[in-house]
Protein chains: 2
Amino acid sequence: MNNDEDTRSPDIDRLIHEPARLKIMAQLYVVESADFIFLMRRTQLTWGNLSSHMSKLETAGYIKVEKEFVDKKPHTILALTEKGKAAFQSYRKVMQQVLDEIPE
Amino acid sequence: MNNDEDTRSPDIDRLIHEPARLKIMAQLYVVESADFIFLMRRTQLTWGNLSSHMSKLETAGYIKVEKEFVDKKPHTILALTEKGKAAFQSYRKVMQQVLDEIPE
DNA sequence: CAAAGTACTTTGTAACACAAAGTATATGAG
DNA sequence: CTCATATACTTTGTGTTACAAAGTACTTTG
């Protein structure tokens with residue numbers, strides 16, 4: 001009755017898709033580990049935004065957040081988890097598929 | 001005082017970035033012209049969603065919407081404008097840059 | 001010891017994506 | 001002719017969310 005290929009939408013991961021988080025993920029993907037300040041400068045996000053996006057990525061299990069004290073001041077280090085790496089790779093693939101060309 | 005490269009975020013076009021609209025734009029980019037029903041099937045969107053996203057793309061000047069009557073029923077045809085084509089190309093370039101690799 | 005700085009987290013608001021309901025016309029059954 | 005169903009959408013309502021502003025918890029400096 002419907003011979004449409006209706007499973008032709010590989011669904012974009014909205015958690016990564018959001019520009020702010022996409023930048024965070026992309027940065028972490030290449031540097032493997034970074035602190036809050038570094039990411040703030042690289043992503044041009046404010047403390048607040050970075051913090052809240054960080055929480056979301058952490059809740060999803062995409063990043064691991066380690067807090068420690070350096071010179072008696074808090075210091076936050078972020079890194080992708082395996083799950084996060086896989087999710088980013090998958091997201092990349094989906095987006096490249098969407099952007100490169102649409103089959104017929 | 002700051003020698004950060006602070007213009008290193010080519011800013012993602014959120015109008016196109018939204019998955020639903022990205023699908024619409026991508027479809028229109030390849031087919032050059034399509035009707036409402038066709039797009040609905042291709043994008044898996046409901047009437048309502050397609051309609052509202054369409055309006056936004058039209059307001060932005062990214063698509064041109066033509067309404068006519070076929071068999072006394074309304075028939076809506078969509079096509080990218082030159083502005084829309086350029087915006088999509090630019091979006092593609094930015095996203096590919098972000099996804100392919102981040103400089104250093 | 002008070003003011004300013006560092007390193008964040010929490011809260012509030014305006015925008016928005018999606019679904020459900022509404023609009024307008026046409027066609028078909030009784 | 002009237003009611004129900006269909007087609008082709010548009011408008012409205014609601015819950016989610018992204019961003020900024022305010023708040024928290026300290027430490028350092030004058």
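The figures that follow rest on heavy atoms only: side chains count, while hydrogens, waters and symmetry mates do not.
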Reading DNA chain C from 5' onward, which residue's closest nucleotide shows up sooner: B/Glu18 or B/Lys73? B/Glu18
Have a look at A/Arg21 and tell me which of A/Thr43, A/Ile16, A/Leu15 forms a side-chain contact (heavy atoms from CB on, under 4.5 Å) with it. A/Leu15
Let me know, please, whether B/Ser52 or B/Trp47 comes out on the 5' side of the other along DNA chain C by nearest nucleotide. B/Ser52
From CG of A/Leu45 across to P of C/dA7 the rounded distance in Å is 17 Å
Non-hydrogen side-chain atoms of A/Val31 and A/Arg42 separated by less than 4.5 Å: no
According to a hydrophobic-cluster definition based on side-chain heavy atoms being under 4.5 Å apart (Ile, Leu, Val, Met, Phe, Trp, Tyr only), do B/Ile77 and B/Ile37 belong together? no
What is the distance, to the nearest angstrom, from the CG atom on A/Leu15 to the P atom on C/dA17? 17 Å
Distance in angstrom units between A/Asp71 CG and C/dC8 C1', rounded: 17 Å
Any side-chain N or O of B/Lys67 under 4.0 Å from OP1/OP2 of C/dT25? no
Is the phosphate of D/dC19, meaning OP1 or OP2, less than 4.0 Å from a side-chain N or O of A/His53? yes
For A/Gly48 and for B/Thr76, locate the closest nucleotide of DNA chain D by heavy-atom distance; then report the residue assigned to the nucleotide nearer the 5' terminus. B/Thr76
Which nucleotide in the list C/dA19, C/dT10, C/dA7 gets nearest to the side chain of A/Ser51? C/dT10
B/Phe36 CZ to D/dA8 P, in whole Å, measures 10 Å
Please state how far atom CZ in A/Arg41 lies from atom C1' in C/dA7, giving the value in whole angstrom units. 16 Å
Verify side chain to side chain contact (heavy atoms under 4.5 Å, CB included) between A/Glu18 and B/Arg14, making sure each step is shown before the conclusion. CA-CA 9 Å; A/Glu18 163 61 31; B/Arg14 276 176 186 276; 2.9 Å; yes
Should D/dG30 form a Watson-Crick or G-U wobble pair with both distances under 3.5 Å, which nucleotide is its partner? C/dC1
Whole Å only: how far is the CG atom of B/Asn49 from the P atom of C/dA21? 15 Å
Whether A/Arg21 contacts D/dT17 is assessed here as follows: a side-chain N or O lying under 4.0 Å from the phosphate OP1 or OP2. Is that the case? no
How many whole angstroms separate atom CZ of A/Phe69 from atom C1' of C/dT6? 12 Å
Quick one, B/Phe88 and B/Leu28 - any side-chain contact, counting heavy atoms below 4.5 Å? no
Euclidean distance, atom NE2 of residue A/His17 to atom C1' of C/dA17 [Å, nearest integer]: 12 Å
Return no unless some side-chain N or O of B/Lys56 is found under 4.0 Å from OP1 or OP2 of C/dA17. yes
